[in-house]
Amino acid sequence: MEETQTDAPTDAPAAAPKEAATPVVTDAAGKPRKPHLYLVDGSAYIFRAYHRLPPLTNPHGTPVGAVYGYTTMLWKLAQDLDDAEGPTHLAVILDKASQSFRHDLYPDYKANRPPPPEDLVPQFPLIRDATRAFSLPCIEEEMLEADDLIASYARAATRKGWDVTIVSSDKDLMQLVGRCEEPDDGVEGGCIDMLDTMKNARIDIPEVEEKFGVRPEQLGDVLALMGDAVDNVPGVRGIGPKTASKLINEYGTLEAVLAAAPGMKKSKMQENLIEHADMARLSRELVQLKEDCDLPMPLEEFELDGIPPEPLAEFLSSHGFTSLLKRLGAGAGSPSRPTDLNPAKVVNGSAGAQGTPGAQRQPLPEWPAVDLDAYECVQTVERLDAWIARAHAAHAVAIDTETSSLDAMRAELAGVSLALGPNDACYIPLGHGSDDMFDEKPAQVPMDVAIAKLKPLLEDDAVLKVGQNIKYDINVLARHGIAMAPVEDTMILSFDLDAGRGGGGIGNAHGMDSLAETHLGHTTLTFKDICGTGKKQILFSAVPLDKATRYAAEDADVTWRLWKVLRQRVTDEGAARIYEHVDRPLIPVVAGMEREGIKVDRDRLASLSAEFGGQCDTLEKEIHELAGEPFTVGSPKQLGDILFEKMGYKGGKKGKSGQYSTDQSVLEGLAAQGADLAARVLDWRQLSKLRSTYTEALQQAINPRTGRVHTSYSLVGAQTGRLSSTDPNLQNIPIRSESGRRIREAFVAEDGHVLLSADYSQIELRLAAHMADVPPLKEAFANGEDIHARTAREMYGEVTRDTRAQAKTINFAILYGISRWGLAGRLGVEADEAQAVIDRYFERFPGIQRYIVTTLEKVRETGYSETLFGRKTHFRNINSKNQAERQGSERAAINAPIQGTSADIIKRAMVRMLPALADAGLGPNKDGGGVRMLLQVHDELVFELPEGDVAAASPIIERVMAEAALPSVALDVPLGIDIGSGKSWGEAH
DNA sequence: TTATTCACG
DNA sequence: GACGTACGTGAATAAG
């Protein structure tokens, strides 16, 4: 579609005859042409380009994705010079980052607008560079927004009889579309239209009418009524685009609507119209474009008279835009679009074509209620083909798999549901019917046929697959040979928006049932409703098809709706940076790690189990003897009674349940007083824990099919952004105690392979030193010093065993939000002495105190904390009247930015790791060679690789981890990485 | 189902 | 004057 070649023999995209400027513009054939001014809305463009284009970086590491998009757009426009509709004059208009007269009208104007993403900021000046490289004029004025300059230039040009095209898709500017001017001297008047270069669509009167239902000259009134959340134009509450255009169509103008309001039928809307009439009038002023600005540069200077190739070539090469550079050298040809556009955006632009009118901006009120009877059960190949064809056309499909198990590595596929829009969903049963050969199986498309049909759709780069926890579906489908991509996940969208907010519902805050309730006001069927619970629970494949269709298709339908709602919010609320650049790309990476699994030595676990079990038995007998009676050692209640009632030890503390506490610190206290029984119980507890939680459970966890243990990571498990691990939890395998450490020896590599462990050393303290700006700590890290020793030196002037240990305790206490009592407990001193230690720490490191104060101020005000990469964590109780609750939130809020930034960094490393290894020829291959990433334990990554590849892989792993914050964040401290390898995980440490 | 305890970072 | 004492997790167990 962009193959329109110019026939101009040029070495630049568009080189008009390079002659002295003449008042008459000529076309390629030398015929006079009516001037046509193109006004490019540069600022708006780069925001859109940023969100649509991949995060490219130039050779200097500067992000340039948006600049690249901008450059190709200018190239394309300049190319159109010889087109009858193309530009004869062109200028780029930019917003100057400052106040405008609208802020005087309404101080909150644009107050809601989130700051631009951090990797977009460095691209703003580059936009000017790019414009200059094309030798095009670039206009920006203090106190004026780009829209006003564009309006003023457009009017000035049409008065001269020029045609004008505004290159933008801004709805405010659409007010100008179709404006024509009859100039005084009788020359033919000029008209205004718009061009959306991303959709390659002209916007004229019919397009505006279609979008807003009113003529462009009425649009200002509609915009005033509906308001604008992004610019914070208030509008009238409860009135969206549909209602606004209906009202304007009915009454003609905003003033007429407001005047008629008292006589309208009583309704919430009518009340709002009366109550917010002033807001509507103010909004009208805010959306009014200023058309009489002074023009900083006369129109004539915008004439396109050839683009000198040298500065352009220099610009292109300095940013590594080699394909454009090649075209420039080759003389002609249009710049191509980058191939890997985010399909989500393509879909957003064309959603209206699928019979979901108005499903873009404010979808909620437009959608019909969920209708369980609207869904189709797909039982023939013909119907399956039809759904697949429609999904291809829609470019986005919500998908959900129904299976026999929550464990993706063991689950049997029962069916797949798809949704293309509200109530536009189906269920494709594939494994229904019991195994009883006398039962009649329902008609179904055979599994292998359906898989073969679905595979091209689910692997198509141009079709986005949307799921709720789609990592699960990826892994189920991977076992049927389908590598589903690209994907989006409504659960993760919700997490990146609302972590810590609790979602509103009970239970899993980001689970579908609670999301449907909060965002759609809809109560979904639950799995329990369909399959029952407990002993009577049945497999999904045994559910009758009509019931199964209602449940499964509803899930896909709801997922589709949630996606529309949440995806818009992610863009609007500034969560796109963390979602697009960290969490979304992590999905397939973590899915892959889960499928890899890790080998454990069953025999070794079994013998450890036996050993621990034997020791427990011996201890138990001794304990009963010491107690003078048999009792359940594992019962804290019975143990408490024995110790504090029967044996009369002092120091029993009762909790709120009226029970004595018998936790580790209590038993250690008793043991120190010589209570043998307490000491034995401590040993018993340790061994019993190791046996039941690890040596026994891990044997059960070995997958019979793969012979390995596959954990499941939750990407939304921890409020701070950390992963969590379940079934089994491989993030809490023992290491601190000697007998615990032996369990790690059972995690092993395949023959000829080794396990390699790479972990960030002291990453949270390093981040604290950076974020709180603590020069001595930064210096210590830069020099590779022992950080706790340095802290001791700073605080006490000398480093001894004692002062270092105390410094270490304080360093950690700081990360967790300290209290004098907490520290006193840890240090074994009185609270006032602990307070003195804290004071001393703050005195030596005032940055830390500053960090705590400013972090809490921000959280109290906004309700959330943020990591260096923009991940938000909300704290509902930060202003609670309940002191305990509030202080708990404060401690968590101090910790969250640090723990969360650390989580962001290792996630970024994980996303980059396998591509970096593959680039070095160390990618996984079919015969078990190459490096496989198996586990993540918060600050550690575990790999399995051929013994001979350790030397080649280690420096790459180290570099990717050490540089994971770049280019988005440049830390003041180096990130240290410790690497080790061996036949087992224990050995690798 | 809830509380307690303890494994990890 | 009482509150409850370090952040973030998941699993097993006893007992209601």
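So you know, we letter chains A, B, ... as the sequences are listed, proteins then strands, and number each from 1.
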Using the P atom as the point on both nucleotides, what is the distance between dT5(B) and dA6(C), in whole Å?
14 Å
Selection from dC3(C), dC7(C), dA6(C) that lies nearest to any side-chain heavy atom of Gln883(A)
dC3(C)
Just call it for Gln719(A): base, sugar-phosphate, or nothing, with non-hydrogen atoms closer than 4.0 Å on any strand.
sugar-phosphate
How close or far is atom P of dT4(B) from atom CG of Leu667(A), stated in whole angstroms?
15 Å
Would you say dC6(B) has OP1 or OP2 under 4.0 Å from some side-chain N or O of Arg685(A)?
yes
Base of dC8(B) paired with side chain of Gln731(A) (donor-acceptor, under 3.5 Å)
no
Arg891(A) has its side chain closest, among dC6(B), dA7(B), dA6(C), to dA6(C)
Among dG8(C), dG4(C), dA6(C), which is the nearest nucleotide to the side chain of Gln887(A)?
dG4(C)
Which residues pass the ring-ring contact (aromatic ring centres under 6.0 Å, His included) test with Phe495(A), not counting sequence neighbours?
His510(A)
When you compare dA2(C) with dA7(B), how far apart are their P atoms, in angstrom units rounded to a whole number?
35 Å
Distance check, rounded to the nearest 0.5 Å: Leu723(A) atom CG versus His938(A) atom NE2?
8.0 Å
All N/O donor-acceptor pairs, side-chain side in residues 900-909 of chain A, below 3.5 Å, sequence neighbours left out:
from	atom 1	to	atom 2	distance (Å)
Thr901(A)	OG1	Leu868(A)	N	3.2
Thr901(A)	OG1	Pro897(A)	O	2.5
Asp904(A)	OD1	Arg871(A)	NE	2.8
Asp904(A)	OD1	Arg871(A)	NH2	3.0
Asp904(A)	OD2	Thr867(A)	OG1	2.6
Lys907(A)	NZ	Asp583(A)	OD1	2.9
Lys907(A)	NZ	Gly721(A)	O	2.8
Arg908(A)	NE	Ala964(A)	O	2.6
Arg908(A)	NH2	Ala965(A)	O	3.3
Arg908(A)	NH2	Leu966(A)	O	3.1

Residues which pass side chain to side chain donor-acceptor pair (under 3.5 Å) with Ser737(A), listed by chain and number, not counting sequence neighbours
Gln686(A)
Scan Ser712(A) against the nucleic acid and name what it touches under 4.0 Å (heavy atoms): base, sugar-phosphate only, or nothing.
nothing
What stems show up for DNA chain C when you take Watson-Crick pairs (N1-N3 plus N6-O4 or O6-N4) and G-U wobbles (N1-O2, O6-N3), both under 3.5 Å, and require three or more consecutive pairs?
B:1-9 with C:7-15
The side chain of Arg736(A) is closest to which nucleotide in this list: dT9(C), dC8(B), dC6(B)?
dC8(B)
Please determine whether a side-chain nitrogen of the Lys or Arg among Asp496(A) and Lys872(A) lies less than 4.0 Å from a carboxylate oxygen of the Asp or Glu.
no
Report the residues that fulfil ring-ring contact (aromatic ring centres under 6.0 Å, His included) with Phe875(A), sequence neighbours left out, ordered by chain and then residue number.
none
In whole Å, measure the gap between the P atoms of dG9(B) and dT5(C) for me.
24 Å
Can you list every pair that meets ring-ring contact (aromatic ring centres under 6.0 Å, His included) and has a residue in residues 804-828 of chain A, with sequence neighbours left out?
His788(A)-Phe812(A)
Who passes side chain to side chain contact (heavy atoms under 4.5 Å, CB included) against Asp773(A), sequence neighbours left out?
Pro775(A), Lys778(A)
Nearest-Å distance for atom pair CD1/P, residues Ile810(A) and dC7(C):
17 Å
For residues 626-637 of chain A, tabulate all N or O donor-acceptor pairs below 3.5 Å that involve a side-chain atom, not counting sequence neighbours.
from	atom 1	to	atom 2	distance (Å)
Glu629(A)	OE2	Lys646(A)	NZ	2.9
Ser635(A)	OG	Lys637(A)	N	3.4
Ser635(A)	OG	Gln638(A)	N	3.1

For residues 816-825 of chain A, which residues have at least one heavy atom under 4.0 Å from DNA chain C?
Tyr816(A), Gly817(A), Ser819(A), Trp821(A)
When the side chains of residues 616-623 of chain A are checked against the rest of the protein, which donor-acceptor pairs come out under 3.5 Å, sequence neighbours left out?
from	atom 1	to	atom 2	distance (Å)
Thr618(A)	OG1	Gly614(A)	O	3.0
Glu622(A)	OE1	Arg680(A)	NE	3.3
Glu622(A)	OE1	Arg680(A)	NH1	3.0

Annotated protein contacts, base or backbone, on nucleotides 11-16 of chain C with a non-hydrogen cut-off under 4.0 Å, one of B, S, - each
BSSSS-
Salt-bridged, Arg742(A) to Glu745(A), with N to O below 4.0 Å?
no
ring-ring contact (aromatic ring centres under 6.0 Å, His included) against His874(A), all qualifying residues, sequence neighbours excluded
Tyr864(A)
Identify whether any heavy atom of Ser902(A) sits under 4.0 Å from a base atom; if not, whether one sits that close to sugar-phosphate; answer base, sugar-phosphate or nothing.
nothing
Whole Å only: how far is the CG atom of Asn895(A) from the P atom of dT9(C)?
10 Å
